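Note that the structure is predicted; figures quoted are calculated from it, not measured. Order of the sequence lines sets the chain letters (A, B, ...), proteins ahead of strands, with each chain counted from 1.
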2 protein chains.
Amino acid sequence: MPYRAPTRDFAFLLDHVVAFDQVRQTDRFTDATPETTTAILTEAGKLCEMVLAPLQRVGDQHPARLENGVVRTSPGFAQAFGAIAEGGWLGMAADPEYGGLGLPQTLATAVNDMMSSACLALQLAPLMTQGQIEALEHHADDTLKARFLPKLISGQWCGTMNLTEPQAGSDVGALRTKAEPNEDGTYAISGQKIYISWGDNDFTENVCHLVLARLPDGAAGTRGISLFMVPKFIPDADGAAGTRNGLRVVSLEHKLGLHGSPTAVMEYDRATGWLVGKPHQGMAAMFTMMNNARVGVGVQGIGVAEAAYQHALGFALDRKQGKTPVTGTGPIAEHADVRRALSMMKAEIFAARAIALANSVAIDMARASGAADWAARAAFLTPITKAHGTDIGCEVAGAGIQVHGGMGFVEETGAAQYLRDVRVTTIYEGTNGIQAMDLVGRKLMDGGEAAFRLLQEIEDGAEAARAALPDLAEPVWQAAETLREATEWLVAQDMQDRFAGATAYLRAFARVLGAHYHLRAAMAGDGPRRALARVFIMRVLPEHTGLLVQARAGASALYALSDADLAA
Amino acid sequence: MPYRAPTRDFAFLLDHVVAFDQVRQTDRFTDATPETTTAILTEAGKLCEMVLAPLQRVGDQHPARLENGVVRTSPGFAQAFGAIAEGGWLGMAADPEYGGLGLPQTLATAVNDMMSSACLALQLAPLMTQGQIEALEHHADDTLKARFLPKLISGQWCGTMNLTEPQAGSDVGALRTKAEPNEDGTYAISGQKIYISWGDNDFTENVCHLVLARLPDGAAGTRGISLFMVPKFIPDADGAAGTRNGLRVVSLEHKLGLHGSPTAVMEYDRATGWLVGKPHQGMAAMFTMMNNARVGVGVQGIGVAEAAYQHALGFALDRKQGKTPVTGTGPIAEHADVRRALSMMKAEIFAARAIALANSVAIDMARASGAADWAARAAFLTPITKAHGTDIGCEVAGAGIQVHGGMGFVEETGAAQYLRDVRVTTIYEGTNGIQAMDLVGRKLMDGGEAAFRLLQEIEDGAEAARAALPDLAEPVWQAAETLREATEWLVAQDMQDRFAGATAYLRAFARVLGAHYHLRAAMAGDGPRRALARVFIMRVLPEHTGLLVQARAGASALYALSDADLAA
């Protein structure tokens with residue numbers, strides 16, 4: 001069963017669940033008409049089904065490899081990246097001044113979702129490039145923009161993010177890479193970076209690295225970090241990729257999954273770099289890129305979940321085992337426990353996707369309107385989209401293996417690859433633990449204002465649905481109330497107690513949000529939409545009670561166990 | 001950080017949590033003195049630490065392979081299997097008449113747990129052999145017993161289970177392998193079997209296959225199935241492995257994990273077999289083997305969880321990232337969310353292990369006393385031990401990857417292997433969905449009697465703890481009450497509604513049982529035991545509320561979604 005792009009689901013979500021119309025009505029996004037939206041979903045869907053999906057297994061079976069210092073990518077990846085570039089998908093949301101289409105992030109999110117389903121390993125290359133484009137748009141000076149953006153947007157060149165070093169992972173501030181000023185205004189970058197996704201390739205003319213490094217007068221920690229553009233080839237006078245820069249791929253990682261994506265150890269040896277933004281303000285610039293990438297990574301999880309679900313459903317509608325309850329001779333999808341698993345997978349995907357699209361709508365509205373409320377909404381939802389989308393990716397991929405039974409453990413079936421590939425998404429761009437800490441830390445700094453505004457919307461929605469769908473509306477309203485109380489408790493605690501409940505709180509918030517969007521779908525949709533909402537609200541939403549008990553459990557019990565106790 | 005056998009934890013569990021003393025006090029198990037118990041845990045622990053654990057990575061990196069029809073096992077596996085056999089570990093619980101030690105299953109469970117931690121791929125060979133020994137003890141005639149048991153118990157030969165065929169997985173009754181009577185009282189077995197764990201090896205003199213097949217007059221479905229012993233080499237007059245039998249390994253599977261364990265497609269072409277038990281009663285005999293194996297597989301999950309936990313803890317106590325809350329310069333284990341993850345992993349392992357050991361105590365008591373109550377207890381706990389133990393195996397292995405951050409996704413670290421290896425345990429020996437259906441179906445056939453007896457014990461335990469530990473006792477008592485109500489509801493439903501809630505019900509039962517054993521530990525133990533119990537009761541137990549809402553959600557909402565809706 002080949003991947004089928006869920007374009008109708010996206011159209012329904014945009015029209016009836018996440019209120020995409022308000023984005024269209026802004027001056028900035030008047031181009032995102034219903035017709036354009038349909039055309040984009042259809043064209044991107046075709047590209048994913050026909051060009052990308054056939055590469056999913058190829059990348060796994062023929063990993064990217066390093067040959068004499070040159071990265072050789074998996075067969076077919078070069079052509080597919082070319083097709084993505086040619087379709088204009090890299091610059092969908094980019095500035096038209098440099099060749100972008102200037103479309104809403106929401107549509108880019110839908111396209112990224114489909115690309116992630118079709119071939120996650122390849123999709124990571126455009127995702128990194130999109131993040132770099134956005135960082136340059138916000139922070140680079142006009143010269144740098146003119147030099148790099150058109151090439152990145154056209155896909156002639158591509159982009160990477162260089163944060164991590166062996167001693168500096170979640171703690172980016174511990175990095176040691178140095179940037180020394182050259183006389184001509186450029187900088188000499190030296191150091192080692194690890195886990196660089198798509199650190200090199202054999203299909204773009206240039207690879208542009210955004211590298212975090214410390215200037216000689218940079219303070220210790222994150223406040224002394226600056227951001228540099230360090231291309232593999234230094235652009236010549238005509239703007240073409242010119243002479244080789246002082247950087248190289250040292251090695252590629254041997255990973256659990258995502259074999260088609262070369263994950264590089266990079267070495268910079270007095271490589272020429274250009275400062276992006278102001279000195280010592282690199283973290284702010286990098287956060288632009290990371291916030292975009294965080295939503296993008298959450299969407300990767302959702303995309304893989306969709307693909308794993310379709311794959312498992314195809315199997316379950318074909319495989320026959322035992323007498324089935326409905327027709328007696330039906331496939332295993334008729335068995336109650338298998339049907340439960342499939343229904344929950346589908347309901348989870350819908351909920352996580354709605355959250356990611358609502359997050360993207362908030363990003364677009366913030367950009368278009370400049371309103372602080374929208375920016376706060378986008379900021380609040382970002383760690384939820386990232387952590388929850390990727391958690392769901394792992395869970396649905398695991399459930400997909402399970403539906404396959406013994407065949408799920410055999411690599412040829414393809415079910416296991418989804419789990420292997422998606423497993424990194426809970427880790428990179430800030431582990432899901434970091435996301436949860438961001439949510440209960442920075443994102444509740446406003447005293448919970450953004451959270452409470454969201455909860456009010458959820459309760460209003462439940463109130464509005466109460467007459468038509470009382471059995472669905474009531475649990476959603478109740479859950480929002482319980483979450484409101486937990487939020488009030490949380491904002492009154494010190495940071496340690498918040499952090500001790502962070503992961504559970506994030507997950508509970510995602511459950512309540514998911515139920516909210518399912519309720520909207522049930523109000524707008526037909527029988528199947530209501531049935532799916534019922535599955536979510538009766539089977540998934542109830543998790544929030546246990547999670548919110550945990551969210552309020554505090555830190556002291558954790559520290560009552562000493563290191564020695566943990567090791568005993 | 002190499003694997004360290006948790007022998008003190010086992011001793012505490014046996015002495016203070018699962019009441020192993022009552023097993024010792026039976027006539028059958030007088031040999032299982034405290035001294036013997038200590039010696040067994042110590043010796044098995046050493047074997048696991050020193051001989052088995054070093055092979056964990058070897059098996060993954062040098063998988064078993066098929067060369068010209070001969071299975072070549074991973075380097076070192078032959079010697080390690082020899083050491084296991086020499087130590088008498090294969091026949092720990094086997095009948096002394098044939099060379100076994102006649103020790104309680106409870107001790108075998110502890111040893112299997114440690115072996116699973118140390119090297120799951122290898123441990124599967126003794127586990128299969130132990131299951132075969134038990135099936136032969138219960139169902140084979142004296143001639144077969146005398147011919148096979150001594151060789152299996154000594155480890156000169158080993159055993160496999162042959163159930164699955166391409167069209168007959170969970171639906172064993174669909175099998176097509178034929179058994180035709182020969183004139184000499186043996187049978188000619190013909191057919192293909194798949195997923196045969198340790199289907200062959202290059203270190204035992206013989207490989208004994210227990211094969212399910214249908215006699216010419218066998219009815220369709222499970223009632224027409226018989227069990228046969230089909231050895232690779234037919235024993236000669238002296239009982240030694242003689243002439244080659246008509247069976248061969250067709251191929252080995254390329255699997256997600258467990259690379260050191262050869263998973264074979266077996267072909268039988270008029271191979272000579274001996275009937276085990278009565279004609280057409282093969283399923284009953286196979287269930288003996290499977291019930292043993294189900295507890296054993298649950299324990300595999302727990303063992304891998306322990307190893308993954310130790311591995312992650314070692315990393316978290318070493319790796320430094322960022323300013324930590326306690327000492328400022330400590331390792332990441334000091335960060336609240338990492339400490340939460342580690343504490344929950346440890347608490348989960350303790351709970352799942354207590355359930356498996358309590359299950360084993362019930363098996364021993366049933367054997368020693370013949371009491372129906374104990375047999376019902378053992379039968380009730382078996383699907384919980386299997387499904388929950390393996391779920392926890394996957395979850396803890398996943399959490400172990402997460403604690404490692406980026407390094408968790410890199411294969412060299414070793415964290416990913418635990419997840420790859422353990423992933424099959426939720427599938428084989430009856431998928432966890434099948435286990436859940438067994439629990440709410442067959443195991444509640446008694447109207448819930450076994451369940452209610454267990455719940456009474458839990459409530460009595462909570463009552464007894466109320467004075468000393470009110471904040472821990474109350475939630476356990478409340479949870480047991482909620483579970484009692486759900487059980488009462490469930491036994492009044494038709495099978496479809498039960499099945500629709502089966503997985504959630506099993507998981508909820510495991511949570512309540514886990515809390516019960518943690519409470520016992522808190523009552524008997526010191527500060528750290530209480531702190532760990534608090535982590536479980538405050539953070540894990542609360543899951544039961546959401547799960548029990550789901551358990552009672554019924555089947556109708558699932559079937560309100562048609563196949564077309566699921567695919568839409």
Side-chain angles (χ1 to χ4, degrees), chain A residues 164 169-171 195 253-256 313 317 321-322 325 333 336-340 342-343 346 401-402 405-406 408-412 416 423-424 426-427 431 433 436-437 496 499-500 502-503 528 531-532 534-535 538-539 542-543 545-546 549-550 553 555 557-558 560-561 563 565-568, chain B residues 164 169-171 195 253-256 313 317 321-322 325 333 336-340 342-343 346 401-402 405-406 408-412 416 423-424 426-427 431 433 436-437 496 499-500 502-503 528 531-532 534-535 538-539 542-543 545-546 549-550 553 555 557-558 560-561 563 565-568:
Chain A
T164 306
S170 297
D171 182 15
Y195 302 149
E253 302 292 352
H254 173 219
K255 309 188 301 292
L256 173 61
L313 179 65
L317 290 175
Q321 283 291 280
D337 188 63
V338 176
R339 204 161 194 89
R340 173 201 60 76
L342 293 168
S343 306
K346 189 174 177 72
I401 292 177
Q402 196 67 21
F409 197 62
V410 173
E411 283 288 1
E412 280 78 1
R423 193 61 193 76
V424 73
T426 64
I427 295 169
T431 67
M437 290 164 75
Q496 270 300 89
F499 287 161
T503 291
L532 194 66
R534 183 159 282 119
V535 167
M538 296 304 167
R539 291 180 175 269
E543 267 188 27
T545 50
V549 173
Q550 197 195 148
L558 301 176
L561 287 165
D563 289 357
D565 295 334
L566 287 173
Chain B
T164 305
S170 298
D171 182 15
Y195 303 149
E253 302 292 352
H254 174 220
K255 309 189 300 293
L256 173 60
L313 179 65
L317 290 175
Q321 283 292 278
D337 188 63
V338 176
R339 205 161 191 91
R340 172 201 60 77
L342 293 168
S343 306
K346 189 175 175 73
I401 291 176
Q402 196 67 21
F409 197 61
V410 173
E411 284 287 1
E412 281 77 1
R423 193 60 192 75
V424 74
T426 64
I427 295 169
T431 65
M437 290 165 75
Q496 270 301 89
F499 288 160
T503 292
L532 194 65
R534 183 158 282 119
V535 167
M538 295 304 166
R539 290 179 176 270
E543 268 188 27
T545 49
V549 172
Q550 197 194 148
L558 301 177
L561 287 165
D563 289 358
D565 295 335
L566 287 172

request  = Specify which of B:Pro542, B:Ala560, B:Ala557 makes the most heavy-atom pairs with chain A at under 4.5 Å.
outcome  = B:Pro542
task = Find the one option among A:Met437, A:Gln496, A:His254 whose heavy-atom pairs under 4.5 Å with chain B are most numerous.
result = A:His254
message = Shorter than 4.5 Å, heavy atoms on both sides: which option in A:Ala436, A:Pro528, A:Ala502, A:Ala553 has the most such pairs with chain B?
response = A:Pro528
query = Regarding A:Gln402 and B:Thr431, is there a side-chain donor-to-acceptor distance under 3.5 Å anywhere?
reply = no
remark   = Among B:Lys255, B:Arg423, B:Glu412, B:Glu543, the residue with the most heavy-atom pairs under 4.5 Å to chain A is B:Arg423
task = Carefully, step by step, assess B:Leu558 and A:Arg539 under the rule side chain to side chain contact (heavy atoms under 4.5 Å, CB included).
result = CA-CA 10 Å; B:Leu558 301 177; A:Arg539 291 180 175 269; 3.7 Å; yes
Pairs of heavy atoms under 4.5 Å with chain A: top-ranked of B:Leu313, B:Thr164, B:Leu342, B:Val338 = B:Leu313
task = Could you look at A:Tyr195 and say if it's the side chain, the backbone, both or neither that has a heavy atom under 4.5 Å from chain B?
result = side chain
key: Closest-packed option against chain A by number of heavy-atom pairs under 4.5 Å, given B:Ala336, B:Ser170, B:Gly546, B:Ala333   = B:Ala336
message = For a side chain to side chain contact (heavy atoms under 4.5 Å, CB included) check, start with the C-alpha distance between A:Leu566 and B:Arg339, then their side-chain angles and the critical distance, and finish with the verdict.
response = CA-CA 9 Å; A:Leu566 287 173; B:Arg339 205 161 191 91; 4.0 Å; yes
ask   = Side chain, backbone, both or neither: which part of A:Lys346 has a non-hydrogen atom closer than 4.5 Å to chain B?
value = side chain
Non-hydrogen atoms of B:Ile427 and A:Gly405 that approach each other most closely = CG2-C, 3.3 Å
inquiry  = Can you list everything that forms a side-chain contact (heavy atoms from CB on, under 4.5 Å) with A:Ala416? Sequence neighbours excluded, please.
reply    = A:Ile401, A:Glu411, B:Leu256
request  = Would you confirm whether A:Gln321, through its side chain, and B:Asp171, through its main-chain N or O, come within 3.5 Å as a donor-acceptor pair?
outcome  = yes
task = Identify which of A:Leu561, A:Asp565, A:Thr545, A:Leu532 forms the greatest number of heavy-atom pairs closer than 4.5 Å to chain B.
result = A:Leu561
key: B:Ser343: side-chain hydrogen bond (donor to acceptor under 3.5 Å, both in side chains) partners, not counting sequence neighbours   = none
message = Is there a side chain to side chain contact (heavy atoms under 4.5 Å, CB included) between B:Gln550 and A:Val535? Walk through the geometry before answering.
response = CA-CA 9 Å; B:Gln550 197 194 148; A:Val535 167; over 6 Å; no
query = B:Gly408, B:Ala555, B:Ala567: which one forms the most heavy-atom pairs within less than 4.5 Å of chain A?
reply = B:Ala567
